[in-house]
Amino acid sequence: MAVGGDVGVAITGDGTQVVMLPAEAVGWAKEAEAPPGAGNLPNSASGVFVGRESELTELRSLLASEGEAAVTQMSGTRAIHGLGGIGKSTLALHYAHTHRRTYTLVWWINAASTEQIIASLASLATRLCPQWATTTGVHERAAWAILWLQWHPGWLLVFDNVERPDDLRHYLGTLPDGHHLATSRTATGWHAIAPTMSLGLLAPEAAVALLCTLALGESHTPTPTQRQDAAALAADLGHLPLALEQAGAYIFETGTSLAGYREMLSDVMDTAAGGIDPERTIARVWHHTLIAIKQRNPQAITLLNAMAWLAPDDIPRSLLAPLCPDPRALGEALGALHAYNMISHSTDRQALSVHRLVQTVLRNAGSQDGPPHGRREAEHVVGHLLYADGADEAAPLEQWRQLIEHVIALASSTPAGYATEQPPDFYQPVIAHLHEQCQDARAIPLHEATLARCEEVLGDTDPYTLASRGNLACAYHVAGQLRRAISLHEKTLTQREQVLGETHPSTLANRNGLAYAYSAVGDWGRAISLFEVTLSQRKEALGAEHSSTLTSQNNLAYAYESVGDLGRAIPLFEDSVAKHEKILGYAHPQTLYSLNNLAHAYESKGDLKRAISLYEITLANRERILGATHPHTLQTRNNLAHAYQGSGSFAQAIPLFETTLAQRAQVLGDIHPDTLISKNNLAFAYKEAGDYDRSIPLLESTITQWVQVLGETHPDTLNGRNNLATAYESVGDMERAIPLYEATLAQRAEVLGDTHPDTLISRNNLASAYFEGGDLTRAIPLFETVVAQSEQVLGNMHPYTLLSRSNLASAYESAGDLERAVPLFETALVQREQVLGETHPHTLTTRNNLASAYFKAGQRDRATVLYEVTVAQCEQVLGNTHPDTLISRSNLAHARHATQGGQQGGTVPPTSKADRQRPHATG
């Protein structure tokens, strides 16, 4: 407050001193007017500002009603808010620029300390009263600024980066006639100072938009690939605005790709491109925060460095207890981290989250002459978790099952060149648990860490090292990383042959695994050869009736079945069933496994009556012996439903698929791979039954889950996309079907190879979609390519080859080229009769289509006879009400009518078989 006379009395900015001001200075404080729009904002508002519009509106409302606000954090279980780089200062800056004309003055104050606040206020006096302020001290100028603000209402003070909320108490009490806006990294201490406003991370969509604009330029429209890469990078950056700005500036300046920046992320967190203040890079911003935390509570930094190596979310407080056994000390250390927004608490306060980018920075800020900070501590808490009380045996499963993500994160984050002190089998309990849960793909980082440790401690060819290498290859296989699996299997097999010998059980198991991997990529020539060798060697080494020998026999039979050689497959399956019954009994699980595979071979042959009978027997025995919800029981129930579907009995198939899905979801979980297969199969059954309202949404949701669990390009994900495209095609939605077929074909070609059977199926289905859409100019060349590739890769008589040949004939027929269509149909029919049998559903389809071609060629008598045979066989095999029976019967009626003077009948369109999930043989 000022008083009249020759001098005036004022209070310094921090309220701790009384300052005597000259009378003329007091007068100037009362009389000086700020120019319109006056202020000292540190930057312009012309930069990109995305995703904060609602926060600007909320901030305006809060200030208008309350007069002051602190932008700090939002409580929540996952989001870390108020963290350095969250955008607090940027939001305050944009608010100040947006509304500066509504204030008499806007003044930006660096508020990290009391001294900086006083200095910022002193600069206000220099701006408004230079004739006096340039001749006096900082405290006098700050006191003059307080006087001016008291005389002139309607201003905005922005206190940026407040370290101690209590530092503002004096200003809020002394200056009531304007707006105060504070930003702070500190989450606590505001309840008695000012109301707070929540500020979260950017929404994913806004983060992607901001990153694309900064990295590619405002005038550039991102391609789908660039948007996908931007989304992945934005997720890695945790949707943190400052990190997005830093990345965008670097990418734009250097021409680095979005994907390239992501690969080198850990190396560029302290790199500033043009337009970025070097002191405002993510690494340096957090460096200052870490210094402040360490000064307050050194133990907090120890805990934070350990958390950097774990999963970012849901870190139990109890997991950190070994590093800080005193509960009070643990609470105080975590409180210091929370106060600076370096962590957030779950709702029940028993779990913690760390921003993933904080982890990246901390992992790369380790000691140059020792292990990275926190790494040993993280291994210690995980070891304490896995092996309670230092015991050699693993702790009880229920003690650590919910913490698997942190174990996986620890294994995944092992630094290059880091020498751990853990034994090679450190992760084995979790690996075994994930294997039991059919989640081997999740265990890949654990397998990789185990193998690296084995190679380091035991050597490259130690039996335990070889076993670890083989286990990793199998995990790659399950995850769909087939090329990596094959390469590792081949290396391991060579080493096992050298170290253990050609016929050692481990060598034979390795050879079987390699053969199975060859089959997965469609390399049936090498797969069958290796299966045959393995079976021969197991017979010689173990005997014809040993369980491992019978496994090899089963796998070889599966390979024969897969290439359409049912003449060799079925006798092997039948012999396997007979030997299992003799050795183990008719109801032993292994016998039932063989019986299930034999039933599947009969189904492949088109002998649905025998297949269904065997499935029903197998299911009844598995329910009795293993239980109604055992995974093997569920597999047989799924296969029986599929056989019912193949016979056209949707009334039996669909309820069985629904039951299987419900049981798998209950027993295995909603996103277990087998559960997702059941969802896919049920959705496809709905589609086959014409219930598209249930089929398409279920297929769409299943694909979303497959992407989540297995990734964008896993074979199962691509299988689901193929089936969804087929469903779109079935409802005539070619605008969605064809692009999805095209995308799936491109991904299968890239992931599996251009001539993999699944790739050929996608190419066939795309050609069929072009055909259905009337685009014969694109359909026929694609069908011709599929036929040529199928003949080359699979052989002239493989079922896929016959399928594509039949479809090409239908395309020729539709194009009016009956000279090529009729001979091709005739060849396809003979071959299908030879390979599949007279009454296989595919044989019946070809016979019907040949009749149609005869009819169009004017050979109506031949057409009518062939239709009559087809109808009789459809009724016998598929039943009177099967869709194929109804189509054939309609075509026969049209043919008879036309022969008697009526019009030409219709035809069955080319078969467009969707790839489906098959039960696989294992060894």
Side-chain angles (χ1 to χ4, degrees), residues 72-73 80-86 112-113 161-164 184-189 238 240 242-243 266 269-270 279 281-346 349-385 406 409-410 413-415 418 420:
T72 55
Q73 70 162 28
I80 301 174
H81 308 284
L83 181 68
I86 197 70
S113 67
N161 197 26
V162 176
E163 183 69 23
R164 293 174 300 182
S184 179
R185 295 171 297 172
T186 304
T188 56
L240 193 68
L242 181 57
S266 61
M269 284 293 91
D270 198 27
E279 289 303 314
T281 62
I282 283 293
R284 298 191 196 185
V285 166
W286 290 340
H287 176 70
H288 298 308
T289 302
L290 294 173
I291 290 175
I293 295 173
K294 188 173 184 179
Q295 291 173 344
R296 176 172 171 175
N297 190 313
Q299 186 67 40
I301 297 299
T302 299
L303 296 177
L304 186 62
N305 281 327
M307 285 188 277
W309 303 95
L310 306 175
D313 299 318
D314 299 320
I315 304 171
R317 288 173 64 107
S318 58
L319 180 61
L320 303 174
L323 301 180
C324 195
D326 182 356
R328 177 179 175 182
L330 177 62
E332 291 175 353
L334 295 176
L337 294 174
H338 181 258
Y340 282 88
N341 294 293
M342 298 304 284
I343 64 171
S344 63
H345 291 293
S346 62
R349 313 286 289 183
Q350 296 307 303
L352 314 162
S353 294
V354 185
H355 193 283
R356 63 181 65 249
L357 205 55
V358 170
Q359 293 182 311
T360 299
V361 170
L362 290 172
R363 290 173 187 172
N364 289 275
S367 172
Q368 298 297 319
D369 46 359
H373 293 318
R375 178 69 195 189
R376 292 270 190 260
E377 289 77 4
E379 291 179 349
H380 173 64
V381 298
V382 168
H384 189 274
L385 169 74
H406 301 294
L410 181 67
S413 61
T414 303
Y418 168 68
T420 180

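This is a predicted model, so every value here is computed, not measured.
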For the side chain of E379 and the backbone of G374, is there at least one donor-acceptor N/O pair under 3.5 Å apart?
no

Can a side-chain donor-acceptor contact be found between R164 and S184 if the only test is distance below 3.5 angstrom?
no

Check against side chain to side chain contact (heavy atoms under 4.5 Å, CB included), L310 and L319
CA-CA 11 Å; L310 306 175; L319 180 61; 3.8 Å; yes

Identify the two heavy atoms, one from D314 and one from S353, that lie closest to each other, and give their separation to 0.1 Å.
N-OG, 3.7 Å

Less than 4.5 Å apart, any side-chain heavy atom of L362 and any of L290?
yes

H406 (side chain) donor-acceptor with P312 (main chain) under 3.5 angstrom:
no

Taking the side chain as every heavy atom from C-beta outward, state whether S413 and Y418 have any atom pair closer than 4.5 Å.
no

Can you measure from CG (L304) to CD1 (I293) and round to the nearest 0.5 angstrom?
6.5 Å

With a 4.5 Å limit on heavy-atom distance, are the side chains of V354 and D313 in contact?
no

If you compare all heavy atoms of A336 against all heavy atoms of A300, which two are closest, and at what distance to 0.1 Å?
CB-CB, 4.2 Å

Test item: W309 side-chain N/O and H373 main-chain N/O as donor-acceptor pair under 3.5 Å:
yes

Is any side-chain heavy atom of N305 closer than 4.5 Å to a side-chain heavy atom of R363?
no

Please lay out, stage by stage, how L303 and L330 fare under the test side chain to side chain contact (heavy atoms under 4.5 Å, CB included).
CA-CA 9 Å; L303 296 177; L330 177 62; 3.7 Å; yes

Please tell me whether E377 and T302 have a donor and an acceptor in their side chains that are separated by less than 3.5 angstrom.
no

Once rounded to the nearest 0.5 Å, what's the spacing between atom NE2 of H345 and atom CG of L337?
8.5 Å

Would you mind reporting whether V381 and L323 have side-chain heavy atoms less than 4.5 Å apart?
yes

Less than 4.5 Å apart, side chain to side chain, heavy atoms only: is that true for P415 and R375?
yes

Output the distance between atom CZ (R317) and atom OG (S346), rounded to the nearest 0.5 Å.
9.0 Å

Looking at Q359 and M307, would you say the former's side chain and the latter's main chain have a donor-acceptor pair under 3.5 Å?
yes

I343 versus I315: any side-chain heavy-atom pair under 4.5 Å?
no

Could you please spell out the steps behind the side chain to side chain contact (heavy atoms under 4.5 Å, CB included) verdict for L352 and L334?
CA-CA 9 Å; L352 314 162; L334 295 176; 3.7 Å; yes

If I take atom CD1 from residue I301 and atom CD from residue Q295, how far apart are they, to the nearest 0.5 angstrom?
10.0 Å

